[in-house]
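In what follows, a structure is listed as structure tokens, so that the remarks can point back to it.
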Amino acid sequence: MRVIGREDQELREREVLSDDAALSSESEGRDRSSAPDILRNDFQRDRDKILHSKAFRRLSHKTQVFLAVEGDHYRTRLTHTLEVSQISRTVARALSLNEDLTEAIALGHDLGHTPFGHAGEAALSDCLARREGLVLDGPSFAGSGDRSHLLFQHNRQSLRVVESIENGGAGLNLTAEVRDGIVCHSGNLRAETLEGRVVAVSDRIAYVNHDIDDAIRAGLLSKSDLPESTRAVIGRDHSERIESLVLDLVETSAEFGDIRMSDPMWTAMMELRSFLFDSVYTSSAVKTEADKASRLIGLLFEYYVAHPDEVPGEYRDIADGDAVVAAVDYIAGMTDRFARDSFHEIFSPRSLRANELAS
């Protein structure tokens with residue numbers, strides 16, 4: 001056997017990967033310099049840093065869509081992350097892009113996501129907007145210019161996790177390419193690298209398909225409910241949809257020299273996404289639990305802002321004493337279970353012990 005070290009891998013990248021791929025040996029680097037690893041290139045090191053982080057471990061107990069669901073087979077934020085990684089790596093490999101960079105971005109893209117899925121994200125945004133005197137759906141927000149920086153956005157929080165929260169505030173010291181891909185995976189932001197753009201599209205492919213799968217398992221949908229127009233383009237079951245979307249993404253990207261789908265395939269996927277919003281995300285069963293989660297997050301936020309000493313000192317130090325920032329960082333990092341436990345500890349009545357009554 002022969003040891004394949006970092007320099008061998010960097011040489012292989014230059015020989016094998018596309019001219020458009022991001023090379024680990026040409027990375028823009030880290031904020032703090034560090035000695036090169038003997039075996040791993042810089043993007044592989046970033047992948048491992050993310051994989052071993054506390055924020056990554058907590059993803060296993062954060063909701064994807066279905067809150068308080070009974071059953072072991074529904075997606076969590078962690079399984080979603082792994083599915084995004086798998087799709088991203090398949091696409092990157094097929095296009096001769098840097099699979100290591102793609103994997104690192106995919107594994108880190110949701111590290112800053114709240115408990116209770118997008119209900120938690122929306123709840124924190126609403127809390128922050130109210131503090132600014134804004135109503136998210138009202139004219140005070142729409143007519144105020146770009147105020148999105150005032151709201152909670154999980155992609156920006158993911159960047160904050162890897163830059164400022166993990167390792168007691170020191171961050172993970174990731175390369176610029178990985179950090180760019182993490183923050184640009186959602187919204188209207190566009191990653192500088194093709195690998196980052198692969199993750200952004202793969203994220204959409206993953207959640208549209210696994211949310212359909214979970215909704216069918218939960219009894220909210222049947223396969224026959226899916227729009228016929230999308231079934232004709234994308235496919236009629238989970239496997240067909242994934243294969244069609246990934247193959248179209250690879251072939252269209254190769255043709256145009258950028259990461260994109262064909263217009264018919266993209267339109268069909270967005271139609272499926274809209275169908276999910278109408279039939280699943282805003283369904284009474286999902287919305288009932290989401291509303292409870294929103295109230296829970298809102299009450300925790302107000303409590304911790306009013307009682308900053310109840311926030312762990314690590315978060316207060318990272319926030320430089322800003323009670324709002326500390327509360328947001330603390331709540332966003334919670335798992336569903338920890339958020340519920342914290343809520344009950346603060347707001348639910350409990351039996352008093354004799355010594356407590358005496359004091």
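Judged purely by atom type and a 3.5 angstrom limit, His61 has no side-chain atom pairing as donor or acceptor with the backbone of Arg58. Looking at Asp329, its side chain never comes within 3.5 Å of a backbone N or O of Tyr315 through a donor-acceptor pair. A donor-acceptor pair is defined here as one N or O able to donate and one able to accept, closer than 3.5 Å; such a pair exists between the side chain of Ser253 and the backbone of Asp258. A donor-acceptor pair under 3.5 Å is absent between the side-chain atoms of Asp248 and the main chain of Met265, judged by distance alone. Using a distance-only test at 3.5 Å, with no hydrogens or angles considered, no donor-acceptor pair links the side chain of Ser125 to the main chain of Ala122. No side-chain donor-acceptor contact under 3.5 Å links Ser244 to the backbone of Leu247. Within the 3.5 Å criterion, the main-chain N or O of Ala106 finds a donor-acceptor partner in the side chain of His109. When atom types are taken as modelled, the side chain of Asp46 and the backbone of Leu174 share no donor-acceptor pair closer than 3.5 angstrom. Ser85 contributes no side-chain N or O that, together with a main-chain N or O of Thr81, makes up a donor-acceptor pair within less than 3.5 Å. No donor-acceptor pair under 3.5 Å is formed between the side chain of Arg260 and the backbone N or O of Leu249.
Side-chain contact between Asp110 and His185: present, with at least one pair of heavy atoms (C-beta onward) separated by less than 4.5 Å. Under the 4.5 Å side-chain criterion, counting only non-hydrogen atoms from C-beta, Ser27 is in contact with Phe43. Between Val178 and Lys49, every side-chain heavy-atom pair lies at or beyond the 4.5 Å cut-off. Between Glu10 and Leu23, every side-chain heavy-atom pair lies at or beyond the 4.5 Å cut-off. Looking only at side-chain heavy atoms (C-beta outward), Gln64 and Asp211 come within less than 4.5 Å of each other. Residues Asp126 and Phe152 form no side-chain contact, since every pair of their non-hydrogen atoms from C-beta on lies 4.5 Å or further apart. In this structure, Met334 and Phe116 have side chains that are not in contact, with every pair of non-hydrogen atoms separated by 4.5 Å or more. Under the 4.5 Å side-chain criterion, counting only non-hydrogen atoms from C-beta, Lys62 is in contact with Asp336.
In terms of heavy-atom proximity, Ala319 sits nearest to Ala326 at CB-N, 3.6 Å. Minimum interatomic distance between Gly112 and Gln157 (heavy atoms only, all atoms of both residues): O-CG, 3.4 Å. The minimum heavy-atom distance between Gly117 and Arg77, with the atom names listed, is CA-NH2, 3.7 Å. Cys127 approaches Gly298 most closely through the heavy-atom pair SG-CA, 3.7 Å. Listed here is the closest heavy atom pair of Leu300 and Ile331: C-CD1, 3.8 Å. In this structure, Ser88 and Val198 approach most closely via the heavy-atom pair O-CG1, 3.7 Å.
Hydrophobic clustering of Ile, Leu, Val, Met, Phe, Trp and Tyr side chains at less than 4.5 Å, counting indirect connections, unites Trp266 with Val91. Linking ILVMFWY side-chain heavy atoms closer than 4.5 Å, directly or via other members, places Val325 and Leu151 in two distinct hydrophobic clusters.
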*Just do the salt bridge (charged side-chain N to carboxylate O under 4.0 Å, His left out) check on Glu289 and Lys292 with the steps written out, would you?*
CA-CA 5 Å; Glu289 298 306 314; Lys292 294 177 186 177; 3.3 Å; yes
*In sequence, state the C-alpha distance, the side-chain angles, and the governing distance for Asp48 and Arg45, and then conclude on salt bridge (charged side-chain N to carboxylate O under 4.0 Å, His left out).*
CA-CA 5 Å; Asp48 294 346; Arg45 292 181 72 186; over 6 Å; no
*Audit row: Asp100, Arg40, salt bridge (charged side-chain N to carboxylate O under 4.0 Å, His left out) steps and yes/no*: CA-CA 10 Å; Asp100 294 326; Arg40 300 168 298 168; over 6 Å; no
*Verify salt bridge (charged side-chain N to carboxylate O under 4.0 Å, His left out) between Asp291 and Arg295, making sure each step is shown before the conclusion.*
CA-CA 6 Å; Asp291 288 345; Arg295 290 192 292 272; 5.2 Å; no
*Does the pair Asp213 and His73 meet the rule for a side chain to side chain contact (heavy atoms under 4.5 Å, CB included), with working shown?*
CA-CA 10 Å; Asp213 194 42; His73 301 136; over 6 Å; no
*For Val305 and Arg131, what are the C-alpha separation, side-chain angles and deciding distance, and is it a side chain to side chain contact (heavy atoms under 4.5 Å, CB included)?*
CA-CA 11 Å; Val305 170; Arg131 292 192 67 82; 3.6 Å; yes
*asked:* Run the side chain to side chain contact (heavy atoms under 4.5 Å, CB included) test on Arg160 and Val328 for me, step by step, so that the C-alpha distance in whole Å, both residues' side-chain angles and the decisive distance to 0.1 Å come before the verdict.
replied: CA-CA 11 Å; Arg160 179 166 170 77; Val328 169; over 6 Å; no
*asked:* Go through it in stages, so that I can follow the logic: the residues are Phe275 and Ile212, the test is side chain to side chain contact (heavy atoms under 4.5 Å, CB included), and I'd like the CA-CA distance, side-chain angles, deciding distance and then a yes or no.
replied: CA-CA 10 Å; Phe275 171 79; Ile212 291 172; 5.8 Å; no
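Using the six-membered ring where Trp is involved, Tyr303 and His307 have ring planes that are parallel, under 30° apart on the 30 and 60° scheme.
Using modelled atom types, one finds no donor on one side chain facing an acceptor on the other under 3.5 Å when comparing His80 with Glu83. Between Tyr330 and Arg316, the side chains place no donor N or O within less than 3.5 Å of an acceptor N or O (distance only, hydrogens not considered). Counted by atom type alone, Ser229 and Glu271 present one or more donor-acceptor pairs between their side chains at under 3.5 Å.
Atom CG of Leu226 and atom OG of Ser279 lie 9.0 Å apart (nearest 0.5 Å). Taken from CD in Glu13 to CG in Asp8, the straight-line distance is 11.5 Å, to the nearest 0.5 Å. Considering CD of Glu195 and CG of Leu95, their distance stands at 9.5 Å, rounded to 0.5 Å. A distance of 13.0 Å separates CD1 of Ile87 from CZ of Arg204, quoted to the nearest 0.5 Å. Here Arg47 contributes atom CZ and Leu101 contributes atom CG; the two are 11.5 Å apart, rounded to the nearest 0.5 Å. Here the straight-line distance linking atom CD of Glu28 with atom CG of Asp180 works out to 8.0 Å at 0.5 Å rounding.
Within 6.0 Å of atom CZ in Arg337, 12 or fewer heavy atoms from other residues, nucleotides or ligands are found, so the atom counts as exposed in its surroundings. Environment of CZ in Arg236: crowded, with over 12 heavy atoms of neighbouring residues, nucleotides or ligands closer than 6.0 Å. Annotation for Glu240: atom CD counts as buried by contact number, over 12 foreign heavy atoms lying within 6.0 Å. At most 12 heavy atoms of other shown residues, nucleotides or ligands fall within 6.0 angstrom of atom CD in Glu345.
For Ser224, the side-chain contact (heavy atoms from CB on, under 4.5 Å) partners at least two apart in sequence or on another chain are Ser222. Evaluation of the side-chain contact (heavy atoms from CB on, under 4.5 Å) rule for Leu39 yields Val3, Asp37 as partners, not counting sequence neighbours. Residues satisfying the side-chain contact (heavy atoms from CB on, under 4.5 Å) test with Glu243, not counting sequence neighbours, are none.
For His210 and His238, the ring centers sit 6.0 Å or farther from each other.
Residues Arg231 and Glu228 are paired through a salt bridge, judged by an N-O separation under 4.0 Å between the basic side chain and the carboxylate.
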